[in-house]
Asks: 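I'd like to ask some things about the structure below.
In listed order, ligands and their atoms are each counted from 1. Scope of the values below: all heavy atoms of this structure, side chains included, with no hydrogens, waters or symmetry mates.
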Amino acid sequence: MVNNKYDYIVIGGGLNSLIAAALLAKKNNSVILFESNNTLGGMASTYEFSSGFRCNLVYDYIKWLDERVLKELNIKNNELEIINNDIYRISLDLEGKHIFFHRDNKKTIESISKISKSDADKWNDFTSFISKVSSFLKPLYKITPPNIQKIGLTDAISMKNLLNPILSHGTRGIADILRTLPMMMPELLDEWFESKLLRGTLAAGGIHHLNQGPYSAATVLNFLHQNIYSGTNILDAKFIKGGTNLLPSILIKKAKDYGVVIKNNSEVIKINCNNGKCDGVSLADGQLFFSKNIISGLDQENTCIKLLGNENLYPYVRTQLNNIKYRGSTARLHFALKNLPKIKGVNDDQLQTVFSISPSVNYLEKAYDEVKYGSFSSSPYIEFCISSLTNPSFAKNNNHIVSASIQYIPYTLKDNEWSDKLKKDIIKNVTGILDKYITNFSNNIIDSSLSTPLDFESTLNNTEGSFNHGEMTLDQFLFMRPTISSSQYKTHIKNLFICSPSTHPGGGLHGANAINMINEITK
Ligand SMILES: Cc1cc2nc3c(=O)[nH]c(=O)nc-3n(C[C@H](O)[C@H](O)[C@H](O)COP(=O)(O)OP(=O)(O)OC[C@H]3O[C@@H](n4cnc5c(N)ncnc54)[C@H](O)[C@@H]3O)c2cc1C
């Protein structure tokens with residue numbers, strides 16, 4: 001007979017769900033996890049986009065992984081190999097005067113000095129400043145944000161402790177953080193740099209995954225979020241040897257070893273509630289499963305509005321949920337290539353890195369202008385990697401893969417519908433841009449495939465194709481993430497918890513959401 005009663009039901013097979021399921025099972029709970037797709041890993045999956053060619057679905061590199069995940073799940077260095085290349089990013093210039101970002105900042109300064117002596121002189125002070133301001137945020141990333149609506153004495157005392165790193169810098173520390181967070185990127189950059197290329201490269205860090213231009217308020221907050229563990233290697237990028245889906249593969253194994261029952265091809269279509277408590281889920285194939293606790297790795301729209309349903313939502317909760325901004329802004333374009341591409345001004349042994357095309361702040365703002373008026377960027381911000389160098393199994397016979405993230409490609413268009421014709425136009429346009437930087441690029445292409453935010457929503461069920469299950473904006477940050485009444489990984493339903501990136505501390509392949517949630521609900 002099928003066991004249909006568990007201590008915990010986990011919905012979704014993404015990174016955070018897998019971590020949560022493994023940790024709960026490690027604590028001797030019976031756990032079952034449901035994933036609607038055939039494969040687990042969510043956004044960290046790989047897939048075959050053209051016959052014989054694989055790619056990382058949404059991202060080719062990581063910025064940081066919560067060390068608590070590695071420790072608690074006993075993941076060893078030899079299981080998960082992280083590649084920290086010396087040159088971690090190259091910002092491309094049409095004339096070949098690229099900026100090379102090295103782990104050794106002296107070499108980065110040397111590269112910047114070729115375009116601006118003044119900017120090179122300021123680089124060390126700038127990286128120390130960003131590292132200091134983001135270090136104020138770091139302790140906040142490891143805790144449950146306070147419930148600001150019901151703040152008690154214990155919360156108030158713990159908040160004071162959290163402010164210690166800022167206070168230890170005196171009034172200067174407080175001033176730095178209060179002044180910097182709400183700034184727009186050009187305001188911050190005006191205080192430091194003159195070179196268009198350096199300013200454009202850094203500004204791109206502030207608009208990452210946002211449907212906002214660099215001139216929007218608080219893009220510096222997103223910049224700090226993306227650089228929280230970069231230290232002085234601003235815009236850091238690391239690769240997982242073997243592809244990003246190695247991480248979920250390890251987590252699946254750990255979860256199974258601890259006894260988690262994993263069911264793929266099992267879409268949850270309803271969270272069932274009785275007298276204000278949930279008691280189980282219904283699957284698309286009609287099966288029912290029961291549990292005293294439900295964990296969702298989905299976003300708020302999916303968990304609360306779609307799976308709980310209106311009948312289980314209070315009007316004030318519904319209003320707060322409706323106000324969450326998702327607004328997916330990034331498409332992925334994968335190219336299958338005959339040969340290793342040659343990039344003008346870059347040696348072959350420097351190709352295993354992240355390339356960005358963001359020549360100036362104004363270039364990025366203009367890219368955003370088109371989205372503001374309902375279209376997509378004709379000159380987009382492009383970030384690309386030759387992913388077959390890190391993952392040789394992605395392509396065979398000396399073929400290669402270039403995977404690019406294209407921003408801004410919105411979820412919906414004002415006067416148009418997404419169609420194959422429109423997607424072909426975007427591929428042609430981006431190919432034309434890449435041709436300017438990569439020798440003979442268009443003649444090297446065997447095949448290509450574009451996924452828009454709408455495509456991501458239909459395959460991954462992330463609302464509006466948002467990679468972060470909700471944008472990382474100032475009003476959706478810390479105790480306001482995902483909403484002011486649900487920022488403790490809890491919902492208005494007592495035994496329904498959420499561990500997805502819709503919760504604090506937001507997006508990134510780090511797993512901090514799941515670890516924080518486990519600490520909160522098992523304390
Ligand atoms: C390599 C990589 C690096 C990244 N780096 C950054 C970064 O630096 N900064 C940043 O802002 N973001 C980044 N992101 C994006 C994003 O923030 C992370 O992918 C995030 O961790 C994803 O969270 P998740 O895996 O928990 O959820 P998801 O990957 O969204 O997984 C959810 C899963 O639930 C399944 N599901 C959905 N509905 C149902 C249902 N009804 N029933 C059952 N299953 C369902 C889906 O199929 C999916 O598998 C990165 C992503 C990747 C892959």
Asks: Considering only the protein, which heavy-atom contact is closest to atom 7 (C) of ligand 1, and what is its distance?
Replies: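 I find the closest protein heavy atom is Lys63 NZ, 3.4 Å.
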Asks: Test of understanding: given a 4.0 Å heavy-atom threshold, classify the contact between Val268 and ligand 1 as side chain, backbone, both, or neither.
Replies: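 Both parts.
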Asks: Between Phe467, Tyr59, Phe239, Phe456, flag the one that comes closest to atom 5 (N) of ligand 1 by a heavy atom.
Replies: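 When every heavy atom of Phe467, Tyr59, Phe239, Phe456 is considered, Tyr59 comes closest to atom 5 (N) of ligand 1.
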Asks: Under a heavy-atom criterion of less than 4.0 Å, does Ser266 contact ligand 1?
Replies: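 The answer is yes, since Ser266 has a heavy atom less than 4.0 Å from ligand 1.
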Asks: Measure from atom 36 (N) of ligand 1 to every heavy atom in Asn227, Leu298, Leu307 and give the option owning the shortest one.
Replies: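 Minimum heavy-atom distance to atom 36 (N) of ligand 1 goes to Leu298.
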Asks: Judged by non-hydrogen atoms, does Pro501 sit under 4.0 Å from ligand 1?
Replies: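 Flag set, Pro501 near ligand 1.
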Asks: One residue to check: Met43. Relative to ligand 1, which of side chain, backbone, both or neither has a non-hydrogen atom less than 4.0 Å away?
Replies: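 Both the backbone and the side chain of Met43 come within reach of ligand 1.
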Asks: If I apply the N/O under 3.5 Å rule, does Thr459 come out as touching ligand 1?
Replies: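 Not met; the criterion fails.
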Asks: Would you say the side-chain atoms of Asn516 and Arg68 include a donor-acceptor pair closer than 3.5 Å?
Replies: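 Judged by distance alone, the side chains do pair up.
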Asks: Tell me the closest heavy-atom pair linking Leu65 and His510, and the distance in Å.
Replies: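 Between these two residues, the closest heavy atoms are CD2-O, 3.8 Å.
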Asks: Quick check: does His225 get an N/O under 3.5 Å from an N/O on ligand 1?
Replies: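 N/O-N/O distance below 3.5 Å does not exist for this pair.
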Asks: Which heavy atom of the protein is the closest neighbour of atom 48 (C) of ligand 1, given with residue, atom name and distance?
Replies: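 Ranked first by proximity to atom 48 (C) of ligand 1 is Glu35 OE1, 3.4 Å.
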Asks: Regarding Lys138 and the six-membered ring of Tyr229, is the cationic atom NZ or CZ under 6.0 Å from the ring centre and inside 45° of its axis?
Replies: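 Because its charged atom sits under 6.0 Å from the ring centre and within 45° of the axis, Lys138 does stack over Tyr229.
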Asks: Touching ligand 1 at all, His469? Heavy atoms, strictly under 4.0 Å?
Replies: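 Checking ligand 1 against His469, which is what was asked, there is a heavy-atom contact under 4.0 Å.
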Asks: Mark up the atoms of ligand 1 that fall under 4.0 Å of a heavy atom belonging to Asn468, in ascending order.
Replies: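 Within the 4.0 Å cut-off of Asn468, ligand 1 contributes 10 (C), 11 (O), 12 (N), 15 (C), 16 (C), 17 (O).
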Asks: Have a look at ligand 1 and work out which part of Thr244, if any, has a heavy atom under 4.0 Å from it: side chain, backbone, both or neither.
Replies: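 The side chain, only.
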Asks: Does the ring center of Phe355 lie less than 6.0 Å from the ring center of Phe384?
Replies: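 Yes, they do, as the ring centres are separated by less than 6.0 Å.
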Asks: Are His225 and Tyr141 close enough that their ring centers fall under 6.0 Å?
Replies: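 Between His225 and Tyr141, the centre distance is under 6.0 Å.
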Asks: Do any heavy atoms of Tyr61 fall under 4.0 Å from ligand 1?
Replies: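 Yes, Tyr61 has heavy atoms under 4.0 Å from ligand 1.
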